[in-house]
Peer 1: 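Submitted below is the structure of interest, expressed as C-alpha cells.
We're numbering straight along the sequence, starting at 1. These numbers come from the heavy atoms of this one structure, side chains and all, not from hydrogens, waters or symmetry mates. Worth saying up front: this structure is predicted, and the values here are computed from it rather than measured.
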Amino acid sequence: MLVQKILTRIEEERGRLLNWAPLCLGFGIGLYFASPQELGPTAYGLLIATVVVALVVVWLRPWGIGPLAVALGLVAFGTCWAGARAHWVAAPVLDFRYYGPVEGRIVTIDRSQSDAVRLTLDHVRLDDVAPWKHPRRVRVSLHGNQAFLTPEIGQRVALTAHLSGPNGPVEPGGFDFQRMAWFRDIGAVGYTRVPALLLAKPKRGVVLAVTRMRQDISAWVRSVLPGETGAFAAAITTGDRSAMSQTTLQALRGSNLAHLLAISGLHMGLLTGFVFQALRIMFGLWPWLALRYPVKKLAAVVAIASGAFYLALSGGNIATERAFIMVATMFVAILFDRRALTLRAVAMAAIIVLVLHPEALTEPGFQMSFAATTALVAVFGWLRDRAKSDTARRAPKWARPILAVVISSAVAGLATAPFGAAHFNQVSHFGLVANLLSVPVMGALIMPLAVLSAMLAPLGLGWVPVKAMGPPIDWIIWVAGRVAGLDGAIGQVVAPPDAVLPCVAVGGILVTLLVGKERLVGLVPLGLALVLWMQAERPPLLVSASGGLVGVMTKSGRALSKPKGEGFAARSWLENDGDAADQDAASARPGFDGEKGFLRVDLDGLRLVHLSGRGAEAQLPRACAQADLVILSAWRKADAPAGCVLLDRAGLAKTGAVALWPEPGGFRVETTVSRTGDRLWTR
C-alpha cells in the first residue's frame with residue numbers, strides 16, 4: 001500500500017520531474033567525491049550497467065517505476081561522470097621539491113593571500129625534468145624586487161623558483177587544495193625571490209586578443225577612476241582584482257558585500273536584464289520593427305550575446321560561466337515562449353553546470369549561487385501566485401520596488417548563510433543592512449552606467465559614465481567599511497561535520513519542491529543538520545604536516561606552539577575553531593610549558609612533548625622519558641629510544657597533518673591521508 005502511494009505521488013509530480021534531476025545527479029557526483037578510494041573497473045562497470053538497466057526500464061515501463069529508474073540512473077550516471085571527468089583532466093603532478101629554472105607562458109595573473117602578485121603558467125619547462133613529468137600548469141608567487149617584468153597575459157617568462165606539488169589539507173577533513181588544483185590543471189605551486197625575466201612577447205590569437213582587451217579596459221578604468229574606486233570598477237567590469245587592497249577586501253567580506261566583486265549571478269543578471277529591458281523599450285518605440293518582428297525575442301538574443309561578451313571579457317572563470325549558463329537558460333525559455341524565472345530553468349542550468357564541471361558541486365560558489373537562485377525563484381513565484389488571489393493585500397506601487405529589494409536580500413542571505421558560514425567560518429550579523437544599502441545602488445546605477453560606457457566607447461565618450469560610477473562605488477566602499485567596523489559585525493562559526501551541508505541542501509530542495517504539508521518533510525534533514533552542527537567537536541590536538549606547528553585546545557581557545565611560521569595552517573585551524581584570534585595572540589595563550597624548542601603539553605592526562613629547532617633530535621632521550629608521545633619537527637637520523645612513541649617529519653610526510661583525540665588508556669589518531677583516501681589527486 002505504501003509503495004503504491006509513493007508511485008501515485010510520483011506520477012502526480014511527472015510534470016515537474018526535471019526539477020528533481022539535479023538532486024539525483026548531484027547525489028551521484030557527491031558519492032564519487034565522498035568515496036574513500038578511487039573507483040575501479042568493476043565499480044564503473046556496475047555503474048554503467050545500472051544506467052543501461054534504468055534506460056531499459058524507462059523504455060519498457062515509462063509509468064509506475066519509470067521515474068524511480070530515472071532517479072537511480074541519474075545517481076549512477078553522476079558518479080560515473082564525475083570519475084570520468086577526474087580521469088580526463090589527469091596531468092603530471094610534481095612529486096618532489098624543485099628549485100631551479102622555470103619557463104612558461106602566463107595564463108592568469110592574480111594575488112596570493114600575502115598580497116603578492118601570482119602567476120599561473122602553462123607550456124611549462126623545468127630543468128633536468130623529463131618532459132612527460134612537466135606539470136600542465138604551475139602557480140608561482142612573485143616576491144622581492146620584480147622591476148624587470150610587468151606581467152601580461154601571453155608573455156613567456158623565465159624565473160628561478162621553489163616548487164612542490166599542491167599541499168593537502170592542513171588538518172584531517174579540512175579544505176582539500178590538492179583536489180581543487182587537480183581539476184584546475186595546477187601540478188605545482190611555489191614562489192620566487194629572484195626577478196622574473198621576459199623571454200617572449202605575447203603571440204597573436206583570438207584568446208590573447210580578448211585577454212589583452214580585458215587588461216587594457218582594466219587599466220583604462222583605473223586611469224579614469226584612480227585609487228580604490230577604480231580598482232572596484234575594474235573588478236566588476238573585467239574581473240581584475242589585482243589592484244584591490246586587502247583592507248577593502250576585508251571590509252567587503254566583513255559586511256557580506258564581497259559577492260559584489262565576484263562576476264557571478266548578480267552581475268550577469270543585472271547586466272543582461274538591463275540590456276533586455278532597455279532593448280525592449282527601444283524596439284517598442286520603433287513601430288515598423290515592433291509590428292513586424294517579435295521584439296521581446298530579439299531583445300533576449302541580444303541579451304544572451306551581451307552576457308557571452310561579458311563572460312569572455314571577465315576571463316571566463318567557472319563562476320562567471322555558471323552565471324552565464326543560468327541567465328542564458330532563462331532567456332532561451334523566452335525564445336520558446338516559456339516563463340523565464342521558473343524552477344525548471346534553474347534546474348536545467350544546474351544540470352548543464354554539473355555535466356560540464358562535476359567538481360563544481362563541492363565548491364562554495366556553486367552551492368551559494370544555486371541556493372540563492374532557487375530560493376528567490378521559489379519565493380517570488382509564491383508571491384506572484386498569491387497576488388493573483390482576490391483576497392491578497394497588495395502593497396502600493398511606490399513601495400513594491402523597495403519591498404522587492406528587501407525580500408530578495410533577505411531571502412538570498414538566508415539561503416546562502418549556511419553555506420557561507422560552513423566554508424568561511426564567519427557570519428556577517430549586519431550583512432542584510434549592508435546589502436539593502438548597496439545592492440540597489442549596484443543595480444540601478446553602477447551596472448547601467450557600465451553598459452552605457454560600453455555603448456559610448458566607440459564615440460570616445462565612454463569615460464563619462466565611468467566617471468559617474470565613482471560616487472556610487474565610493475558609497476558601497478563606505479558602507480562596507482562602516483558596517484564591518486561595527487561592534488559584533490562578524491560572528492565566528494565552528495566548522496561543521498561533513499554531513500551538515502548535504503543535509504542542508506537536501507532539506508532546502510525538499511522544502512522548495514514539495515507542496516502543502518509535504519514540505520514539512522524537508523525540516524527533517526534541516527533539523528538534523530542543525531543538531532550535527534551544534535554538536536561539532538574540534539580536535540583537542542592538531543599537528544601540522546611538517547611537525548613545526550602544534551595546536552592544543554584549551555579553555556580560552558586553541559593555543560599554538562609558535563607566533564610565526566606556517567601561518568596558513570594556523571589561520572585555518574583558528575577559523576575552523578570559530579576563533580577570531582590571530583596566530584600571535586593564540587601563541588600567547590596558556591597551554592604549553594617548557595623552554596623554546598622543548599614544549600610540554602598535558603592533554604587530559606596524556607603527556608606530549610614538541611621538539612623543534614636546531615638540535616631537536618638530541619633532545620629525544622629526555623623527551624621520551626617524560627612523554628607518552630613525542631612530536632619531532634625534523635627528519636630523524638637515528639633510532640628513537642626503545643618504547644618511545646614518536647611522530648617525526650618522515651612519518652608526517654606519509655600521513656599529512658594529524659589530529660589527536662585522548663581516549664582511556666591512550667589516544668586516537670586521525671590523519672589527513674585517512675580522510676582524503678586514495679584518490680587521483682592524492683597519489
Peer 1: Between the side chains of Asp185 and Arg137, is the shortest nitrogen-to-carboxylate-oxygen separation below 4.0 Å, so that they form an ion pair?
Peer 2: no

Peer 1: So, does Glu152 use its side chain to make a donor-acceptor pair with the main chain of Ile106 at under 3.5 Å?
Peer 2: no

Peer 1: Less than 4.5 Å apart, any side-chain heavy atom of Phe232 and any of Leu252?
Peer 2: yes

Peer 1: Can you tell me how far CD1 of Ile446 sits from CG of Leu449, rounded to the nearest 0.5 angstrom?
Peer 2: 8.0 Å

Peer 1: Spell out, as yes or no, whether a donor-acceptor pair under 3.5 Å connects the side chain of His429 to the backbone of Gly488.
Peer 2: yes

Peer 1: How many angstroms lie between atom CZ of Arg344 and atom CZ of Arg338, to the nearest 0.5 angstrom?
Peer 2: 6.5 Å

Peer 1: Evaluate the side-chain proximity of Arg139 to Leu119: yes if any heavy-atom separation is below 4.5 Å, no if none is.
Peer 2: no

Peer 1: Has Trp288 got more than 12 heavy atoms of other residues, nucleotides or ligands less than 6.0 Å from its CH2?
Peer 2: yes

Peer 1: Are the side chain of Thr373 and the backbone of Phe370 linked by a donor-acceptor contact shorter than 3.5 Å?
Peer 2: no

Peer 1: Tell me the salt bridge (charged side-chain N to carboxylate O under 4.0 Å, His left out) pairs involving residues 284-303, sequence neighbours left out?
Peer 2: Lys297-Asp337

Peer 1: CE/Met244 to CG/Leu249 distance, rounded to the nearest 0.5 angstrom?
Peer 2: 4.5 Å

Peer 1: Donor-acceptor check, side chain of Glu575 to backbone of Val493, threshold 3.5 angstrom: yes or no?
Peer 2: no

Peer 1: Verify, without hydrogens or angle tests, whether Thr374 (side chain) and Ala371 (backbone) share a donor-acceptor contact under 3.5 angstrom.
Peer 2: no

Peer 1: Nearest 0.5 Å, what's the CE-CG distance between Met442 and Leu257?
Peer 2: 9.0 Å

Peer 1: Is a side-chain N or O of Ser428 found less than 3.5 angstrom from the main chain of Gly254, in a donor-acceptor match?
Peer 2: yes

Peer 1: Is the count of non-hydrogen atoms from other residues, nucleotides or ligands lying under 6.0 Å from Trp220 atom CH2 greater than 12?
Peer 2: yes

Peer 1: So Ile407 and Leu383, do their side chains get closer than 4.5 Å, heavy atoms only?
Peer 2: yes

Peer 1: So which atom in Ile351 and which in Ala21 form the shortest heavy-atom distance, rounded to 0.1 Å?
Peer 2: CD1-CB, 3.7 Å

Peer 1: Do you know the tightest heavy-atom contact between Gln146 and Val194?
Peer 2: NE2-O, 3.2 Å

Peer 1: What orientation do Phe331 and Phe276 show, parallel under 30°, tilted 30 to 60°, or perpendicular over 60°?
Peer 2: tilted

Peer 1: Testing the basics here: between Val466 and Ser453, what is the closest heavy-atom pair and its distance to 0.1 Å?
Peer 2: CG2-OG, 3.2 Å

Peer 1: So, using side chain to side chain donor-acceptor pair (under 3.5 Å) as the criterion, who are the partners of Asp122 when residues are at least two apart?
Peer 2: Arg105

Peer 1: Using side-chain heavy atoms (C-beta onward) and a distance below 4.5 Å, is Leu456 in contact with Pro465?
Peer 2: yes

Peer 1: Let's go through His423 and Gln367 carefully: what are the C-alpha distance in whole Å and the side-chain angles of both, what is the deciding distance for side-chain contact (heavy atoms from CB on, under 4.5 Å) to 0.1 Å, and is it a yes or a no?
Peer 2: CA-CA 10 Å; His423 287 289; Gln367 297 168 9; 2.7 Å; yes

Peer 1: Does any non-hydrogen side-chain atom of Val451 lie less than 4.5 Å from one of Met447?
Peer 2: no

Peer 1: So, do Ile109 and Gln215 sit near enough that their side-chain heavy atoms are less than 4.5 Å apart?
Peer 2: yes

Peer 1: Can you measure from OG (Ser255) to CD1 (Ile477) and round to the nearest 0.5 angstrom?
Peer 2: 11.0 Å

Peer 1: Taking Lys467 for its side chain and Val224 for its backbone only, find out whether a donor-acceptor pair lies under 3.5 Å.
Peer 2: yes

Peer 1: So, the side chain of Trp475 versus the backbone of Leu437: is there a donor-acceptor pair under 3.5 Å, distance only?
Peer 2: yes

Peer 1: I'd like to know whether Phe366 forms a side-chain contact (heavy atoms from CB on, under 4.5 Å) with Leu354, so could you lay out the CA-CA distance, the side-chain angles of the two residues, the decisive distance to 0.1 Å, and finally the verdict.
Peer 2: CA-CA 9 Å; Phe366 175 88; Leu354 290 175; 3.6 Å; yes

Peer 1: Ignoring hydrogens, what is the shortest heavy-atom contact between Ala372 and Thr416? Give both atom names and the distance.
Peer 2: CB-CG2, 3.7 Å

Peer 1: Has the side chain of Ser438 got a donor or acceptor atom that lies under 3.5 Å from a matching backbone atom of Asn435?
Peer 2: no

Peer 1: If you count heavy atoms of other groups shown closer than 6.0 angstrom to CE of Met213, is the number above 12?
Peer 2: yes

Peer 1: Run the numbers on Leu142 and Leu159 for side-chain contact (heavy atoms from CB on, under 4.5 Å), then give the verdict.
Peer 2: CA-CA 9 Å; Leu142 305 182; Leu159 41 87; 4.2 Å; yes

Peer 1: Does a side-chain heavy-atom distance below 4.5 Å link Glu103 with Leu199?
Peer 2: yes

Peer 1: Using a 3.5 Å distance criterion without hydrogens, assess whether the side chain of Ser218 forms a donor-acceptor pair with backbone atoms of Arg214.
Peer 2: no

Peer 1: Applying side-chain contact (heavy atoms from CB on, under 4.5 Å), run through Ile325 and Leu356 and close with a yes or a no.
Peer 2: CA-CA 11 Å; Ile325 291 173; Leu356 292 177; 3.7 Å; yes

Peer 1: I'd like to check Phe177 versus Val189 (side-chain heavy atoms, cut-off strictly below 4.5 Å). Are they in contact?
Peer 2: yes

Peer 1: Ala484 and Ala251: which non-hydrogen atoms are nearest, and at how many Å?
Peer 2: CB-O, 3.6 Å

Peer 1: Determine the sole option in Val221, Leu445, Ile236, Thr229 for which the side chain to side chain contact (heavy atoms under 4.5 Å, CB included) test with Met469 is passed.
Peer 2: Ile236

Peer 1: What's the spacing between Thr150 OG1 and Leu198 CG if we round to 0.5 Å?
Peer 2: 9.5 Å

Peer 1: Could you report the tightest heavy-atom contact between Ala580 and Gln492, atom names first, then the distance?
Peer 2: CB-CG, 3.7 Å

Peer 1: Heavy-atom count check: over 12 atoms from other residues, nucleotides or ligands less than 6.0 Å from Arg482 CZ?
Peer 2: no

